[in-house]
Amino acid sequence: MGQRSGAEHRDLSALAPELSQSLLAWWEIHGRKDPALKPWMFTKDGRWPEPHEHLNVLECWIAEVMLQQTQLKVVLPYWQGWMKVFPTVDALAAASLEQVRLQWQGLGYYSRARRLHAAAQRLAQGPWPRDLDSWMGLPGIGRTTAGSILSSGFNAPLAILDGNVKRVLARLHAHPRPPAREQVLFWQWSEVLLDPARPRDFNQALMDLGATVCTPRNPDCGRCPWQFCCAAYAAGDPTRWPMTDAPKPLPFQVIGVGVVLNAEGHVLIDQRLDEGLLGGLWEFPGGKQEPGESIEACIERELKEELGIVISVGEELITLDHAYSHKKLRFVVYLCAWVSGDPQPLASQQVRWVSPDQLDTFAFPAANAKMIEALRRSIN
DNA sequence: AAGCCGTGGTC
DNA sequence: TGACCAAGGCT
């Protein structure tokens with residue numbers, strides 16, 4: 001067997017200094033170096049840190065976890081609100097998981113909030129780690145998040161491999177296979193290119209390049225500092241990279257949901273199990289419609305099975321389609337009247353009767369927030 | 001290792 | 001407007 005890798009892609013290690021130099025020169029002018037965009041990346045007096053300076057690692061850690069699969073623009077207001085409510089690791093560790101989830105509400109991937117809380121309780125115990133392995137040992141922190149925290153916070157020479165970096169590298173090499181299948185190779189590329197003298201700036205510059213120039217749809221190659229050695233640019237159509245696997249169609253299901261009111265005008269909600277979809281969030285009870293079943297029958301059956309109650313289904317409140325990352329659901333929501341049975345958490349953590357005014361104090365998924373809005377409209 | 005896990009921006 | 005994608009991690 002010959003040396004496949006040598007034949008398949010260029011070795012850019014010799015070019016690394018030149019690539020870093022051109023990238024950083026671009027970044028000094030066009031990078032997202034704005035305290036209004038990434039406040040955690042700046043010193044207390046509002047400067048971009050010098051190589052020897054450290055940042056507030058708590059701020060970096062919270063930001064990096066929020067930024068997992070989530071755009072900078074979306075994260076910013078959540079980060080600001082979070083730091084106000086949990087300004088220290090002790091404040092976060094001492095908070096209830098309920099408070100933490102309420103603060104996270106709407107950001108998605110809710111296990112991140114639970115793991116952030118668990119990690120805070122470990123970090124509150126002793127000195128904060130400074131090495132990659134210790135950070136990776138904390139819940140919710142993988143190699144990219146750990147590398148980002150340490151390179152941002154301490155200027156540690158650690159590579160990252162997020163969606164931006166994968167796309168830039170895939171194009172730079174015109175790599176013929178989806179990055180997901182070749183993590184080892186892409187990590188090597190990211191490490192080879194990393195500037196050991198300025199890892200903080202280099203990682204930020206690489207992500208800024210991917211987010212603002214080497215974008216998925218319309219890459220602005222005319223402004224790219226790496227155009228001179230980009231294989232995808234040379235091939236004529238950079239958007240052919242990164243290669244992707246054919247997407248699988250999302251399964252579609254109809255969910256019958258009951259907004260159950262009792263004689264006092266209280267509403268029935270349940271808290272989902274911690275694991276799985278929307279773990280730990282509150283919701284209006286319901287479940288999948290079975291083949292041949294009417295939606296009214298579905299709601300009656302689900303509430304009997306999951307809560308042990310008998311209800312009578314009334315008027316339709318709202319119907320809404322909602323796409324998750326791996327399935328599409330249609331929620332058909334009906335107002336219902338409680339008839340008999342004390343609600344039991346047979347398929348959930350807890351069940352509670354609450355007045356509609358209290359709903360704000362529970363963390364709900366986005367789809368349920370729309371149901372609450374419809375409920376308020378129907379009551380008024 | 002491939003599937004699960006949310007939501008909103010963007011075109 | 002539906003489809004793709006985002007500063008990924010976990011199992």
Side-chain angles (χ1 to χ4, degrees), chain A residues 31-32 37-38 40-41 60-79 101 104-116 118-119 135-152 158-168 170 178-184 186-187 190 200 202-212 214-219 239 242 244-252 272-281 283 320-329 363-370:
Chain A
R32 299 181 292 184
L37 290 178
K38 316 172 181 178
W40 52 89
M41 288 302 303
C60 293
W61 165 44
I62 301 301
E64 293 305 335
V65 172
M66 287 185 170
L67 284 163
Q68 291 168 2
Q69 293 294 96
T70 311
Q71 296 185 48
L72 185 58
K73 190 183 301 181
V74 177
V75 162
L76 186 57
Y78 277 89
W79 183 87
R101 285 202 180 103
W104 195 272
Q105 178 177 19
L107 246 193
Y109 288 136
Y110 295 94
S111 67
R112 290 186 292 174
R114 179 166 47 85
R115 294 183 173 126
L116 210 45
W135 274 99
M136 288 181 66
L138 291 168
I141 298 179
R143 188 170 168 188
T144 286
T145 301
S148 289
I149 292 168
L150 289 168
S151 67
S152 294
L158 296 168
I160 57 171
L161 186 59
D162 71 329
N164 289 312
V165 179
K166 283 178 192 167
R167 184 172 56 258
V168 171
R181 301 185 189 177
E182 316 209 7
Q183 296 280 53
V184 174
F186 276 72
W187 272 110
S190 185
R200 172 192 287 140
F202 181 88
N203 282 341
Q204 289 297 313
L206 194 48
M207 287 190 286
D208 286 356
L209 184 71
T212 64
C214 194
T215 55
R217 304 277 185 82
N218 299 307
T239 61
T244 56
D245 288 314
K248 292 174 183 173
L250 302 182
F252 176 83
R272 298 174 63 89
L273 301 177
D274 270 355
E275 304 295 329
L277 185 67
L278 306 169
L281 297 200
E283 65 177 4
L320 47 98
D321 290 340
H322 194 86
Y324 297 95
S325 39
H326 61 294
K327 60 181 161 188
K328 289 184 183 177
L329 300 183
F364 284 91
N368 277 256
K370 293 181 181 171

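Bear in mind the structure is a predicted one, so any value in this text is a computation, not a measurement. Protein chains get the first letters and strands the later ones, always in sequence-line order, with residue 1 at the start of each.
Two residues, A:Val74 and A:Gly108, neighbour DNA chain B, and the one matched to the more 5' nucleotide by heavy-atom proximity is A:Gly108. Heavy-atom distances to DNA chain B give each of A:Tyr78 and A:Lys327 a nearest nucleotide, and the one nearer the 5′ end belongs to A:Lys327.
In this structure, the separation between OG on A:Ser152 and CZ on A:Arg200 is 7.0 Å, given to the nearest 0.5 Å. Taken to the nearest 0.5 Å, the CH2 atom of A:Trp61 stands 4.5 Å off from the CG atom of A:Leu116. Rounded to the nearest 0.5 Å, atoms CG (A:Leu67) and CH2 (A:Trp40) are 5.0 Å apart. Interatomic distance, NZ of A:Lys248 versus NE2 of A:His326, reported as 13.0 Å (0.5 Å rounding).
Taking atom CE on A:Met66 and atom P on B:dC5, their separation rounds to 22 Å, with Å as the unit. If you measure from atom CG of A:Leu277 to atom P of C:dC10, you get 18 Å, rounded to the nearest angstrom. Protein atom CG of A:Leu329 is 12 Å distant from nucleotide atom C1' of B:dG6, rounded to whole Å. Atom CZ of A:Arg112 and atom P of C:dC10 are 12 Å apart (whole Å). Atom CG in A:Asn218 sits roughly 19 Å away from atom P in B:dG9 (whole-Å rounding). Separating the CD atom of A:Gln105 from the C1' atom of B:dT7 is a distance of 12 Å, rounded to the nearest angstrom. The nearest whole Å value for the distance from the CG atom in A:Leu116 to the P atom in C:dC10 is 12 Å. The distance from atom OH of A:Tyr324 to atom P of C:dG2 is 17 Å, rounded to the nearest whole Å.
A close approach under 4.0 Å does not occur between any side-chain nitrogen or oxygen of A:His322 and OP1 or OP2 of B:dG6. Side-chain nitrogen and oxygen atoms of A:His326 include none within less than 4.0 Å of the OP1 or OP2 phosphate oxygen of B:dC4.
Distance check on atom P: C:dG9 versus B:dG8 gives 22 Å, rounded to whole Å. Comparing the P positions of C:dA7 and C:dA3 gives an interatomic distance of 22 Å, to the nearest angstrom.
Annotation: side chain of A:Glu182 is not in contact with side chain of A:Lys166 (no heavy-atom distance under 4.5 Å). The closest side-chain heavy-atom distance from A:Leu281 to A:Arg101 is below 4.5 Å.
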Base contacts versus sugar-phosphate-only contacts with protein, heavy atoms under 4.0 Å: please encode nucleotides 4-9 of chain C as B, S and - from 5' to 3'. B-BBBS

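A:Arg272 places a side-chain N or O within donor-acceptor distance of the main-chain N or O of A:Leu277, the cut-off being under 3.5 Å.
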